[in-house]
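Below is one structure, written out as structure tokens; the observations come after it.
Order of the sequence lines sets the chain letters (A, B, ...), proteins ahead of strands, with each chain counted from 1.
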Amino acid sequence: MNIIETHSLTRRFGRNEAVCGLDLAVPEGSVCALLGQNGAGKSTTIKMLVNLLHPTSGEARVMGVDSRSLGPRQFEQMGYVSENQQLPLWMTVRQLLDYCRPFYPSWDTTLERELLALLALPEDRKLREISRGMLMKAALLSSLCYRPKLLILDEPFSGLDPLVRDELVKSIIEVSASRDWTVFISSHDIEEVERMTDHIALIDAGRLQLSEPTERLQARFRKVDADLRSEASPPSMPGWLEIEQSGQRMSFVDSAYDPVDSPAAYERLFPEAGAAARPMTLREIFLTLARTSRRAAKGAAA
Amino acid sequence: MKLTWHIVAKDLRRLRAPLALWIATFLVEFSIGLGLLHSNSLAFRSFQGIQAFDVILNLVRMATGYLLVASLVYDDSLVGTTAFWPTRPISGIRLLGAKLLACLLIFALIPILVSLPWWLHCGFGTGQVREASVSLIMSMILPVGCGLVIAALTGSMGRYIMWTLLLVAAVALSLATFVKTGATHLFFRGLDVVVDSSGSTAARLHTLNMLAAAGGGVVVAHQFLTRRLARSLMLLSGVAAILCVEAAWWPLAFKDRSHEVGAPTPAAPLEDRIAIVPTKDALLHIEPEPAAGSGTVVFGNLEVKKPVPGLFIRPTYANFAWQWPDGNHVEAKGTLLGTQYPSLHQLEAAIPHKDSSPSAWEQGAAYKQSLKNGKPVSYSESVREEDPTSLLWDYYVEVPRAEGLKMPSDRPSCTIDVRCDLLQPKLTGEIPIAAGDEWAGGAEGYRILSKEWNERARILEISVIERHAAIGETVRLFEYQNWKRIDAAFFAINRRKGESAWPLNLDYFRSSIMIGSVSITLHDLKYVGPRDEVTANPALENGKWTGPSFEEWFSDASLGRVAETVAGNYSRKVDIPLFSATPDTFSKVP
């Protein structure tokens with residue numbers, strides 16, 4: 001079952017189309033990352049999911065409810081942490097928790113104590129006096145103590161130094177590993193996300209590029225280096241991206257790699273020298289897709 | 001409801017600093033009031049300084065209150081996509097309820113609770129406390145209501161202030177435009193009638209207020225429930241359009257009954273007694289260069305003959321209608337000015353004569369004759385050149401320029417619809433002329449601050465501090481007849497001699513300050529002696545009294561006032577078959 005589903009979700013700001021016909025499905029229980037460059041439409045998508053923005057057209061369903069109809073009953077089971085969220089900075093961490101607690105029937109004070117210790121937050125410091133990393137942790141804490149079914153994180157690592165980022169990622173991994181909930185996280189910080197996600201959605205210029213389990217995505221992408229015996233034009237297959245030739249060397253990204261069929265195909269295409277395929281990191285996949293997309297956009301514009 | 005209170009508690013904690021300032025403005029003002037009421041000496045100049053400070057204090061309170069509304073809303077902003085509350089289990093309706101509850105606490109309950117000791121100290125009864133509370137709340141509705149609407153549609157204090165300035169500028173510009181172009185005839189036609197709370201204009205204005213309140217409420221509720229700014233702005237535009245339509249077009253014409261309701265029938269038909277007649281030709285002022293409006297004004301007098309003894313007559317309304325033989329017709333509302341002070345006879349009729357020793361005047365033949373005629377006449381009345389039973393009222397009325405220019409050569413007929421209040425003067429409780437801490441009266445009280453005999457000028461100088469309930473003087477909800485007492489002067493009364501004295505000048509120095517529905521007035525009174533004696537022996541030259549000293553007379557005197565209450569109404573149509581208006585010396589007749 002999908003906890004988030006969007007159908008032709010579109011949002012326009014004047015003439016600018018921030019999100020265009022987005023069809024996305026996030027399975028319940030997954031940790032899903034929405035990746036994209038700055039301005040790709042990640043935050044707009046998330047804001048539509050949590051009813052901070054209304055779609056221009058299309059529909060988003062969150063926990064089975066149209067996002068425009070999300071109300072207190074749904075938000076009791078949802079957590080939302082965003083880098084842009086205006087937290088009540090005049091409160092201390094303790095006051096923030098005290099303020100949030102009565103709104104959630106499922107608030108777990110034991111978990112609250114555990115998380116306070118885990119995140120090492122100073123309870124009596126005002127939010128305006130703590131660092132940005134601490135602030136994100138406080139926001140995360142106030143969104144975790146009621147054991148939400150769905151936790152939505154919008155660019156939670158943005159602007160954080162590597163140490164704090166690492167701590168935050170560890171916290172999320174630790175918490176998410178021990179609970180049965182769905183985490184939907186948007187980021188352009190791929191390395192951090194890679195460590196925790198099991199589902200990836202890639203968005204570019206408001207359009208969904210892909211959405212699939214991380215394992216499958218990494219399984220089907222391979223960076224292939226091949227030797228050509230002659231300088232003849234290189235072969236090409238559907239799913240090959242960023243094909244580059246330099247003399248007798250050729251490299252490309254195979255986005256449809258199959259562990260059984262692809263090596264056989266490479267042998268057939270490069271019979272004399274063969275080809276070496278290596279797995280790609282999420283970052284490499286993301287960059288490949290982003291460059292491909294940009295090239296396609298330029299081509300279309302030309 | 002528990003969660004609503006939880007949000008309110010959060011807001012109050014958040015706003016505790018400005019809230020403390022808000023409360024402090026009340027407390028400081030009441031401290032000033034207490035200081036004034038219990039001071040032993042107070043110079044007139046110091047009082048004026050306190051007045052200025054009170055104005056500043058009120059401005060600070062107004063600004064604090066107005067910014068408090070915005071802060072209250074902005075703590076859970078309704079505009080933008082970064083607010084904290086929309087992604088928490090807080091519904092728009094709960095937030096709206098919490099904000100309204102907080103407004104009720106901050107702008108109603110807290111001011112009332114803070115004001116209560118002050119009101120009780122000033123002798124307010126239960127009814128007055130209730131009325132003052134309602135009045136206080138009503139005075140907050142406009143700024144809080146405007147603040148709520150603007151704050152709900154803006155996301156930051158900067159925009160809030162900008163919108164406020166724009167609103168103020170728009171209102172000022174509209175009013176200026178209406179006045180400049182004479183468009184008041186289109187918008188709020190006959191606005192001057194509102195002063196009388198009569199007829200359809202008042203109903204129209206009340207409807208406008210109600211529509212504005214309801215429209216503002218709808219916009220605020222819509223924004224809280226949907227957070228859709230564009231739609232809320234459209235809704236606001238719709239409300240503004242409805243208000244403009246209502247102001248420009250009004251299909252109902254209510255009959256003005258304000259002068260019929262509650263008018264007690266006088267003992268004898270007034271028409272038989274009172275006559276209102278024009279005294280002489282009117283003057284016509286024609287502005288040489290009429291830049292704004294018509295610039296053509298008719299000035300004249302009306303004489304009121306045989307006013308009812310014992311009652312004052314005060315004009316409240318005058319409508320002039322001119323009719324030319326060619327069928328041309330012009331109507332305009334004018335202003336009638338007529339002030340009546342209580343005659344000594346009226347005053348002294350209320351003073352029992354304990355000591356029958358007659359004054360110099362009372363020993364005279366004229367007074368004895370007047371007694372025989374059944375109407376004792378005081379000295380001052382007897383020496384008047386005019387008929388003491390007549391009054392002279394001034395009027396002025398603006399007329400369209402074309403008709404004004406035509407008046408001197410082509411004389412029209414004129415009908416003046418005059419409406420008046422008949423006021424019953426009554427002597428209030430007397431105050432012994434002795435400086436001290438004792439207050440005379442309850443909620444309406446006086447205290448003699450100082451009493452000093454000035455031997456050089458041979459005048460008695462008295463400083464009186466007065467307090468009275470002034471509920472609704474800011475926002476008029478209740479007819480409060482005691483207001484009329486403000487205009488009444490203090491008289492010195494000597495019961496043993498059965499005489500009275502007016503202050504040297506009826507327009508004596510007095511200054512008022514309004515503190516929490518209580519008006520505090522400082523009266524700077526100067527008396528020479530009993531009126532008959534003073535008038536009979538005019539010996540005051542260059543501020544120096546050269547006549548006899550009445551220091552002893554004042555040692556037995558007390559202070560009293562004449563309060564006026566509406567005893568009835570009177571209306572009369574004055575017909576002038578040929579209205580004559582002569583251009584004044586400043587006019588330039590083309």
Q) For the candidates Gln85(A), Gln77(A), Gln74(A), Arg68(A), which exhibits the highest count of non-hydrogen atom pairs separated by less than 4.5 Å from chain B? A)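 Result: the option with the highest number of such pairs is Gln85(A).
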**Q.** Heavy-atom proximity to chain A below 4.5 Å, by part of Arg88(B)
**A.**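 Contact with chain A involves both backbone and side-chain atoms of Arg88(B).
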Q) Charged N to carboxylate O under 4.0 angstrom, Glu83(A) versus Arg132(A)? A)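 The answer is yes: the pair qualifies as a salt bridge.
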Q) So, are Glu59(A) and Arg61(A) salt-bridged, with charged N and O less than 4.0 Å apart? A)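 Salt bridge between Glu59(A) and Arg61(A), a charged N being under 4.0 Å from a carboxylate O: yes.
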Is it the side chain or the backbone of [X] that comes within 4.5 Å of chain B heavy atoms, both, or neither?
X	result
Ser43(A)	neither
Leu49(A)	neither
Asn51(A)	both

Q. Would you say Ser131(A)'s side chain and Met134(A)'s backbone share a donor-acceptor pair under 3.5 angstrom?
A.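 Yes; at least one donor-acceptor contact below 3.5 Å.
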Q) Are the side chain of Arg12(A) and the backbone N or O of Asn16(A) linked by a donor-acceptor pair below 3.5 Å? A)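 Looks like no, no N/O pair under 3.5 Å.
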Q: Measure the acute angle between the ring planes of Tyr146(A) and Tyr104(A), then classify it against the limits of 30° and 60° as parallel, tilted or perpendicular.
A: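 The rings of Tyr146(A) and Tyr104(A) lie parallel, inter-plane angle below 30°.
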